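Both ligands and their constituent atoms are indexed starting at 1 by order of listing. Numbering starts at 1 and runs along the sequence shown. It should be emphasised that the depicted structure is a prediction, and the values quoted were computed from it without experimental measurement.
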Amino acid sequence: MSVQWFPGHMHATKKAILERIKEIDVVIEMLDARLPGSSANPMLAQLTAGKPTLKVLNKQDLADPARTALWLAHYNAQPDTRAIGLHAGTVAPARALIAACHELAPHRGGMVKPMRVLIGGIPNVGKSTLINTLVGKRATKTGDEAGITKQEQRIALADDFYLYDTPGMLWPKIVVPESGYHLAASGAVGRNAYDEEEVALELLKALKGPYGAQLEARYKWGWTAEAVARCKEDELLTAVGRKRGALLPGGRLNAQKAAEILLTDFRTGALGPITLETPEEHTRWLQAALQHEADLAAERKARQAARRGGSRAAPGTA
Ligand code: GDP
């Protein structure tokens with residue numbers, strides 16, 4: 001089983017972005033720095049293709065700085081693209097984002113040609129927090145309730161700088177199974193879309209190699225990072241549960257409780273700074289998924305051709 005996430009159509013969002021995009025100078029795509037590849041919405045990139053883009057790796061306070069550097073280099077190597085890491089609640093870096101937009105569209109600015117920026121990102125990525133930080137006390141908008149469609153909002157950050165909030169919801173799109181697990185672990189998809197124990201086991205698979213020492217620091221098993229890396233995921237989940245008293249009567253593991261403890265520790269940053277994927281890994285997963293899709297399409301075509309051949313042959317052979 002993988003993470004099943006079908007939060008509904010995004011036709012209205014798509015239409016609204018297409019209507020707005022013509023007059024947009026820069027697109028800000030907000031990503032979760034702990035899972036930059038998985039937290040992207042491919043539809044946003046498609047609809048805004050050709051526009052200068054600023055990738056904002058938000059929640060960088062929760063992410064692994066070494067991996068954030070890899071992702072920033074990855075995005076900065078793409079044409080017409082800049083990337084910055086951000087903690088959306090901090091004022092000075094948020095203002096630096098305005099400067100980055102001016103660098104991406106140097107011909108815009110001044111009252112005659114104000115800068116027009118569209119900001120988009122999957123729910124819970126920190127868009128409202130960033131907007132609140134940018135506009136200060138005047139902002140009244142709070143975090144989105146999942147499932148509630150928003151109206152487009154235009155926010156004047158200066159006399160010549162307008163920020164357009166994406167209308168509608170940009171739900172995450174699960175292209176590869178790993179992304180489904182990472183989105184679920186981060187809390188970006190609804191709880192009833194996944195099995196917590198399964199997501200916890202996948203999270204441990206991503207953590208035990210690079211972040212064994214951080215797991216040990218949190219749960220104090222008395223193991224080396226190498227020993228943690230050698231453990232199977234279910235052994236680690238059991239070890240989390242035993243250490244934290246997630247037990248059923250008779251001393252058996254309460255796997256559900258152990259999974260919840262691990263997921264909460266990850267989401268709140270109690271495990272220390274963590275990034276679940278590198279650009280190289282995510283590219284590899286994506287290529288494998290695309291290849292798989294292409295193989296399936298080729299098989300389908302071959303089956304259809306065989307059927308057509310069969311039906312043509314049928315009258316003659318009867
Ligand atoms: P939105 O759905 O994209 O508008 O997301 P919100 O702005 O409502 O943020 C979702 C949650 O993430 C809230 O609990 C925020 O406090 C938290 N958050 C947003 N930005 C950051 C950040 O940079 N670091 C941390 N640690 N939490 C953040």
Side-chain angles (χ1 to χ4, degrees), residues 5 7-8 10 13 16-17 27-36 38-41 43-45 48 53-65 67-69 71-72 75 83-98 100 117-155 157 163-173 182-191 193 211 214 218 263-276:
W5 179 244
M10 289 196 287
T13 308
I17 294 178
V27 174
I28 296 181
E29 182 179 12
M30 284 193 82
L31 302 168
D32 187 325
R34 296 167 301 170
L35 47 145
S38 296
S39 59
N41 178 307
M43 187 181 88
L44 181 66
T48 61
T53 301
L54 178 63
K55 308 264 188 191
V56 171
L57 272 62
N58 193 41
K59 307 197 185 186
Q60 74 164 347
D61 53 307
L62 299 174
D64 175 348
R67 288 190 167 187
T68 297
W71 279 102
L72 293 178
Y75 290 129
I84 56 170
L86 195 74
H87 176 184
T90 48
V91 179
R95 302 296 302 183
L97 183 144
I98 295 177
V117 175
L118 179 81
I119 184 164
I122 64 170
N124 212 35
V125 76
K127 201 151 54 84
S128 315
T129 306
L130 175 63
I131 292 172
N132 282 341
T133 304
L134 285 169
V135 291
K137 297 230 179 308
R138 281 174 294 140
T140 52
K141 213 167 148 272
T142 53
D144 301 316
E145 291 266 336
I148 296 176
T149 308
K150 301 175 286 126
Q151 295 298 308
E152 186 189 47
Q153 242 198 337
R154 190 184 88 158
I155 304 141
L157 294 183
L163 191 62
Y164 291 88
D165 191 1
T166 347
M169 303 298 279
L170 273 174
W171 297 108
K173 184 168 189 298
H182 292 179
L183 285 161
S186 77
V189 303
R191 277 186 71 157
Y211 301 111
Q214 287 176 216
R218 177 72 182 163
L263 290 173
T264 303
D265 281 351
F266 169 66
R267 288 172 188 161
T268 57
L271 294 177
I274 285 171
T275 300
L276 295 176

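By the criterion of a heavy-atom distance under 4.0 Å, the side chain of D61, and not its backbone, is placed next to ligand 1. Looking at L62 against ligand 1, only its side chain comes within 4.0 Å, counting heavy atoms.
Side chains of P172 and V189 form a contact here, defined as non-hydrogen atoms less than 4.5 Å apart. Between T133 and T90 the shortest side-chain heavy-atom distance does not fall below 4.5 Å.
Contact annotation: P123 has at least one heavy atom less than 4.0 Å from an atom of ligand 1.
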Check the pair I119, V56 against side-chain contact (heavy atoms from CB on, under 4.5 Å), reporting the backbone distance first and the verdict last.
CA-CA 10 Å; I119 184 164; V56 171; over 6 Å; no

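Within ligand 1, counting atoms from 1 as listed, the ones closer than 4.0 Å to a heavy atom of T129 are 6 (P), 7 (O), 9 (O), 15 (C), 19 (C). Heavy-atom contacts of N58 reach the following atoms of ligand 1: 20 (N), 21 (C), 23 (O) (cutoff under 4.0 Å).
Without hydrogens or angle criteria, T275 side chain to D64 main chain gives a donor-acceptor distance under 3.5 Å.
Between L183 atom CG and L35 atom CG the span is 5.5 Å, to the nearest 0.5 Å.
Closest heavy-atom approach to atom 21 (C) of ligand 1 among the candidates K127, M30, K59, R34: K59.
At under 3.5 Å, not a single nitrogen or oxygen of G89, backbone or side chain, sits near a nitrogen or oxygen of ligand 1.
Across all their heavy atoms, N41 and M10 have their closest contact at ND2-CE, 3.6 Å.
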